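These notes concern the structure reproduced below.
Residue numbering restarts at 1 for every chain, and letters A, B, ... go by the order of the sequence lines. This one's a predicted model, so the numbers in the text were calculated from it and none came from an experiment.
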Amino acid sequence: MNKTYEPKSFEDKIYADWEKKKYFSAKPNRNKKSFTIVIPPPNITGQLHIGHALDDTIQDAIIRYKRMRGYETLWLPGTDHAALATEVKIVEDMAKEGLTKEDLGREKFLERAYKWKEKYGGRIIEQFKKMGFSCDWDRLAFTMDERCSRAVREVFVNLYDKGLIYRGNRIINWCPCCKTAISDVEVEYESAHSHLWHIRYAIEGTNDHVVVATTRPETLLGDVAVAVNPKDKRYKNLVGKMLSLPLCDRMIPIIADEYVESDFGTGAVKITPAHDPNDLEVGKRHGLPVIRVMNDDGTMAENAGKYAGLDRFAAREQMLADLSAQGLLVKTEDHDNNVGHCQRCHAVIEPMISDQWFVKMKPLAGPAIKAANDKTVEFVPERFKKVYLHWMENIRDWCISRQLWWGHRIPAFYCDKCGKMTVSKEDVKMCPHCGGTVRQDEDVLDTWFSSALWPFSTLGYPDKTEDLEYFYPTSVLVTAYDIIFFWVARMIFSGLEHMREIPFRKVLIHGLVRDAQGRKMSKSLGNGVDPLEIIDTHGADPLRMSLVCGVAAGGDIRFSMEKLEGYRNFMNKLWNAARFVSLNLENADVLPLDKVKLTLADKWILTKLDDVIKASVKFMDKYEVGLCAAALYDFVWSDFCDWYIELSKTRLYSTEKNDRSGAVSVLVYALRALLKLLHPVIPFVTEEIYGELPDNDADSIMVSAYPESSPRYPAAKKQMECVKEIITRVRALRAEMKVPSNKRTALYIVPAPGSEKLFKAGAGYIEKLAGGNSVEFCRPDCKCAAVATPWAEVFIPMGELVNPSAELDRLKKELDGCVAELARAEGKLNNSGFTAKAPQKLIDEEKAKAEKYAELKKKIEAAIAEMKNLQA
RNA sequence: GGGCAAUUAACUCAGCUGGGAGAGUGUCUUCUUGACGUGGAGAAAGUCACAGGUUCGAGUCCUGUAUUGCCCACCA
């Protein structure tokens with residue numbers, strides 16, 4: 001083995017081997033339980049970024065764990081066509097050649113889009129492989145492939161037939177930059193400093209006027225009324241009167257409506273049904289017309305008179321200037337409000353009336369709410385359930401049509417002859433009503449409409465496939481909290497509606513990856529890190545470990561190069577531990593454990609191993625991958641490397657082959673087990689090292705069996721912990737006494753009554769690890785520094801090593817500590833409340849402690865007295 | 001305006017059903033001992049945000065306060 005960990009030398013090779021051996025592939029198998037995850041499909045235009053790296057490392061760890069635990073595991077991969085996001089990119093790309101969508105036409109544009117998909121759709125998959133992800137690539141799906149598209153049609157038509165999809169003229173969020181409608185969740189609200197403009201509307205036939213306050217004066221020409229609250233005394237007599245709309249010669253009525261709140265603004269609201277959802281409602285109630293004054297590109301429409309053609313913001317400025325010039329702008333007030341922006345291009349969203357397709361949500365939300373409430377689907381951590389429920393309970397209809405070309409085209413066909421519409425799973429050539437020619441709806445579906453079906457469309461829906469029966473519902477869905485509404489919620493109601501069953505039993509939510517300062521990683525800040533670059537320089541395993549280790553579910557994680565290097569060092573540590581083991585294989589036999597005479601240290605590490613197996617299983621079963629990784633990190637570094645390897649050396653360098661073989665056998669056993677435990681998180685390095693071990697149980701660690709825990713040697717573990725403490729204390733004493741660490745000394749041990757046997761067994765370890773060159777079991781007849789524990793005292797002859805007054809100070813400090821402990825224990829025992837109500841076990845423990853510390857105190861006092869004598 | 005979360009060592013974070021505060025990084029001291037200096041050994045470092053309460057006992061449970069962050073919401 002190399003002296004250092006060099007991931008480049010094996011990662012690609014190992015991945016290729018896994019793929020070649022088809023370890024990732026899953027088939028329905030009645031003899032095994034299934035465990036399924038569908039990947040959140042990355043956008044085809046995307047590059048692997050740190051968010052995928054986190055999300056999919058968690059999934060890979062879970063999948064690998066379950067695979068090793070004997071489940072038939074399917075991790076189903078795929079990509080998302082990402083209608084709007086992709087189309088925007090393609091349009092940008094065309095712009096470089098001076099081309100627009102219209103130049104190409106729909107057909108040519110789609111050709112280009114498919115070419116784009118071919119070019120970039122595969123790229124991210126190759127990048128996923130660099131991370132080590134064990135997806136079943138033979139099942140690679142795409143939201144626009146034939147299978148998924150069929151599911152989309154099926155679902156659309158079914159929902160339409162049930163009346164759950166409808167077409168309607170409603171206020172939607174319009175992005176004038178992307179020139180499409182978007183759904184509510186695609187609008188990001190940001191608070192902005194703006195103004196409330198107070199504008200004077202003259203009352204017909206009088207010199208009087210009404211002042212209205214507005215934040216969007218550019219929509220003024222679309223006003224069809226001014227509304228006041230019916231109870232508002234100021235305006236009571238004006239209701240029914242007509243007002244002259246400024247900047248044009250139209251007359252509009254004053255109406256009364258409960259919607260108006262008298263104490264905001266002036267208590268008089270302009271009603272613009274075409275550009276505001278509330279106004280549309282008010283308008284409907286009062287039978288008012290709808291006047292749209294803006295074009296799709298955000299310029300003012302023809303009916304905006306002299307403002308026609310002006311951009312909406314320019315029009316605002318111009319109109320304000322004109323109003324001001326006419327003395328109609330009476331006040332400009334500072335006002336903060338929330339302005340919606342397009343999630344994709346960040347342009348200001350324009351609420352506008354538009355003819356679009358919608359999914360009726362209330363009937364679908366009911367079962368989705370119930371499923372969460374009765375825990376048919378569970379959120380981890382649970383608090384995200386509230387977020388989900390709040391959204392579901394207040395859900396509004398989902399606008400699903402997009403004025404784009406890239407995506408699933410809406411399967412509605414319009415007849416020019418009879419004017420009827422046909423919605424069909426199959427393409428319609430001829431109008432079924434009159435035989436006339438039909439044309440398909442121009443629009444495509446929201447990309448999330450197809451992702452909502454992902455857990456079952458990828459498994460064969462609408463057919464009743466074996467896959468679907470075996471792998472559905474999937475086991476856990478893993479994603480970040482920012483995607484709960486977009487995707488998780490929609491998959492839940494879709495699964496319930498179309499499969500009559502939840503799409504996954506659990507939803508594991510994690511946070512976002514942030515930079516070292518806690519900022520969101522973003523292009524504009526330039527603080528993002530490229531996972532591919534990190535894999536190239538440090539390896540995939542350190543990256544995976546640094547994204548996952550120590551993170552509790554639901555939390556954001558901070559990424560930094562320091563952290564990464566720390567975990568790279570861990571890989572090196574693990575590597576070298578393995579190297580140590582392999583270097584010692586030569587002159588020894590590796591035996592099954594039942595053929596080995598186990599030492600105290602062996603029993604200790606095997607018991608600690610058992611503990612960590614239990615902890616790993618406990619954490620992984622709760623999907624706490626991060627806490628599992630942290631527990632293993634500690635075990636490997638502290639228990640296995642710092643202690644067990646060092647402890648094993650006494651026997652490893654023995655002249656007796658039996659000793660050497662015993663030591664090596666336990667080393668190999670423990671190493672193999674911990675590699676398996678670590679494999680789900682750091683698959684490459686564990687596989688590489690596993691390949692170096694003799695007598696493996698499988699061709700590859702990834703298909704080997706996860707370690708089983710079994711009862712071990714709790715008594716030996718306790719004893720070893722006593723020995724360890726003695727060693728630590730002696731080391732500390734030596735350090736404090738400034739004994740050079742390469743200077744070895746004689747050690748004298750006086751075990752406490754009852755501990756004699758233990759320290760005979762542990763003497764070798766103490767000598768080796770506490771800087772001894774000999775051990776004797778008696779009290780030396782010379783000046784000594786002493787360490788006192790409840791189990792034994794250790795004396796080190798001072799000779800010229802020790803400074804007596806320093807030793808005295810040290811002893812005094814030790815006495816202080818001991819006295820404090822004693823006081824604490826006695827304090828508890830003297831508290832009648834404690835002795836009356838605490839569990840007997842605790843009381844006994846405290847009693848034992850008090851006795852031990854009382855005994856210890858005597859010993860330290862004796863040592864102090866002696867030291868004083870010596871000084872005097 | 002609602003809701004959620006966080007507040008623990010200099011920094012980043014763990015801490016499960018209440019029973020003597022932990023890790024990593026950084027800092028300091030020291031050691032090239034035959035796995036590893038990407039290392040070993042040792043040390044310093046915390047009123048567990050604040051104020052109450054429940055309890056024999058609170059980082060952990062309850063109430064309130066403060067600060068920070070996030071999400072949701074049609075007050076024009």
What pairs of nitrogen or oxygen atoms, one from the protein and one from nucleotides 36-39 of chain B, lie under 3.5 Å apart?
from	atom 1	to	atom 2	distance (Å)
B/C36	O4'	A/Asn576	OD1	3.0
B/C36	O2'	A/Asn572	OD1	3.1
B/C36	O2	A/Lys573	NZ	3.1
B/C36	N3	A/Lys573	NZ	2.9
B/U38	O4'	A/Asn569	OD1	3.1
B/U38	O2'	A/Asn572	OD1	3.2
B/U38	O2	A/Arg568	NE	3.2
B/U38	O2	A/Asn569	OD1	3.4
B/G39	OP1	A/Asn569	ND2	3.2
B/G39	O3'	A/Lys573	NZ	3.0

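- Position along RNA chain B of the nearest nucleotide to A/Ala213 versus A/Lys813 favours A/Lys813 as the more 5'-ward residue.
- At a threshold of 4.0 angstrom between heavy atoms, the contacts of A/Tyr653 include nucleobase atoms, whether or not backbone atoms are also involved.
- The C1' atoms of B/A6 and B/G15 are separated by 15 Å, rounded to the nearest whole Å.
- At a threshold of 4.0 angstrom between heavy atoms, the contacts of A/Arg396 are confined to the sugar-phosphate backbone, with no base atom among them.
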Exercise for the section: Treat primed atoms plus P, OP1 and OP2 as sugar-phosphate and everything else as base, then score nucleotides 7-20 of chain B 5' to 3': B for base contact with protein heavy atoms under 4.0 Å, S for sugar-phosphate contact only, - for none. Expected result: -----SSSSB--BB
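- Computed from coordinates, the A/Arg383 CZ to B/A6 C1' distance equals 9 Å when rounded to whole Å.
- Among residues at least two apart or in separate chains, salt bridge (charged side-chain N to carboxylate O under 4.0 Å, His left out) pairs with a member in residues 543-553 of chain A are A/Asp60-A/Arg544.
- Across the protein-nucleic acid pair, A/Tyr644 atom OH and B/A35 atom C1' stand 15 Å apart, rounded to whole Å.
- With C1' as the reference atom, B/U17 and B/A73 are 37 Å apart, rounded to whole Å.
- Cation-pi check for A/Lys573 over A/Tyr633 is not met; the charged atom does not lie both under 6.0 angstrom from the ring centroid and within 45 degrees of its normal.
- Which of B/C72, B/A35, B/A76 sits closest to the side chain of A/Leu583 comes down to B/A35.
- Among the atoms of the strands shown, only primed sugar atoms or phosphate atoms (P, OP1, OP2) are found under 4.0 Å from some heavy atom of A/His335.
- Nucleic acid contact class of A/Ser832 (heavy atoms, under 4.0 Å, all strands): none.
- Among the atoms of the strands shown, none is found under 4.0 Å from any heavy atom of A/Tyr388.
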Donor-acceptor pairs under 3.5 angstrom involving side-chain atoms of residues 264-281 of chain A: please list them, not counting sequence neighbours.
from	atom 1	to	atom 2	distance (Å)
A/Thr266	OG1	A/Val211	O	2.5
A/Thr266	OG1	A/Ala268	N	3.3
A/Thr266	OG1	A/Ala268	O	3.4
A/Lys270	NZ	A/Thr219	OG1	2.8
A/Lys270	NZ	A/Asp223	OD1	2.8
A/Lys270	NZ	A/Thr272	OG1	2.9
A/Thr272	OG1	A/Asp223	OD1	2.7
A/His275	NE2	A/Val293	N	3.1
A/Asp276	OD1	A/Asn278	N	2.8
A/Asp276	OD1	A/Asp279	N	3.1
A/Asp279	OD2	A/Thr272	N	2.7

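- Rounded to whole Å, atom P of B/G42 lies 10 Å from atom CD1 of A/Ile727.
- Along RNA chain B, the nucleotide closest to A/Leu196 and the one closest to A/Ile645 are compared, and the more 5′ of them pairs with A/Ile645.
- For A/Arg285 and A/Glu258, the salt-bridge test fails: no basic side-chain N is under 4.0 Å from an acidic carboxylate O.
- Residues meeting the ring pair (Phe, Tyr, Trp, His ring centres under 6.0 Å) test with A/Tyr481, sequence neighbours left out: none.
- Ion pair A/Lys847/A/Glu851 not flagged as a salt bridge, since none of the NZ, NE, NH1 or NH2 atoms sits closer than 4.0 Å to an Asp/Glu carboxylate oxygen.
- Residue A/Asn831 is in sugar-phosphate contact alone, with no base atom involved, counting any heavy-atom pair closer than 4.0 Å across all strands shown.
- Taking a cutoff of 4.0 Å between a charged side-chain nitrogen and a carboxylate oxygen, A/Lys828 and A/Glu845 do not qualify as a salt bridge.
- Nucleotides B/G52 and B/A58 are separated by 14 Å at their P atoms, to the nearest Å.
- Residue pairs meeting the salt bridge (charged side-chain N to carboxylate O under 4.0 Å, His left out) criterion with at least one member in residues 380-390 of chain A, sequence neighbours excluded: A/Lys375-A/Glu382.
- The distance from atom CZ of A/Phe580 to atom C1' of B/G34 is 9 Å, rounded to the nearest whole Å.
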Under 3.5 Å, sequence neighbours excluded: what are the donor-acceptor pairs made by side chains of residues 545-555 of chain A?
from	atom 1	to	atom 2	distance (Å)
A/Ser546	OG	A/Pro542	O	2.9
A/Ser546	OG	A/Leu543	O	3.1

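- Rounded to the nearest Å, the gap between the C1' atom of B/A44 and that of B/U7 is 25 Å.
- Take A/Thr728 and apply the side chain to side chain contact (heavy atoms under 4.5 Å, CB included) test, not counting sequence neighbours, and it matches A/Trp643.
- Under the side chain to side chain donor-acceptor pair (under 3.5 Å) criterion, A/Arg672 pairs with A/Asn696, sequence neighbours left out.
- Atom pair A/Arg731:CZ and B/U33:P shows a separation of 16 Å (rounding to whole Å applied).
- Take A/Asp659 and apply the side chain to side chain donor-acceptor pair (under 3.5 Å) test, not counting sequence neighbours, and it matches A/Ser654.
- Taking atom P on both nucleotides, B/C61 is separated from B/G24 by 26 Å, rounded to a whole Å.
- Taking the P atom of each, B/A43 and B/U38 are spaced 24 Å apart, rounded to whole Å.
- Nucleic acid contact class of A/Ala630 (heavy atoms, under 4.0 Å, all strands): none.
- B/A49 and B/A21 are spaced 15 Å apart, taking the P atom of each and rounding to whole Å.
- Going from atom CG of A/Asn742 over to atom P of B/G40 covers 18 Å, rounded to whole Å.
- Summarising the local packing, NZ of A/Lys520 is surrounded by 12 or fewer heavy atoms from other residues, nucleotides or ligands at distances under 6.0 Å.
- In this entry the distance linking NZ of A/Lys520 with C1' of B/G69 reads 12 Å, nearest Å.
- In this structure, A/Glu261 reaches the bases: a heavy-atom distance under 4.0 Å links it to at least one base atom across the strands shown.
- Between the C1' atoms of B/U55 and B/U12, the separation comes to 34 Å (whole Å).
- Residue A/Met392 contributes atom CE, which lies 22 Å from atom P of B/G3 at whole-angstrom precision.
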Completion exercise
Writing each nucleotide of RNA chain B 5' to 3' as (, ), [, ], | or . by Watson-Crick or G-U pairing under 3.5 Å yields (((((((..((((.....[..)))).(((((.......))))).....(((((..]....))))))))))))....
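- For A/Glu624, there are no salt bridge (Lys or Arg N to Asp or Glu O under 4.0 Å) partners two or more places apart in sequence or in a different chain.
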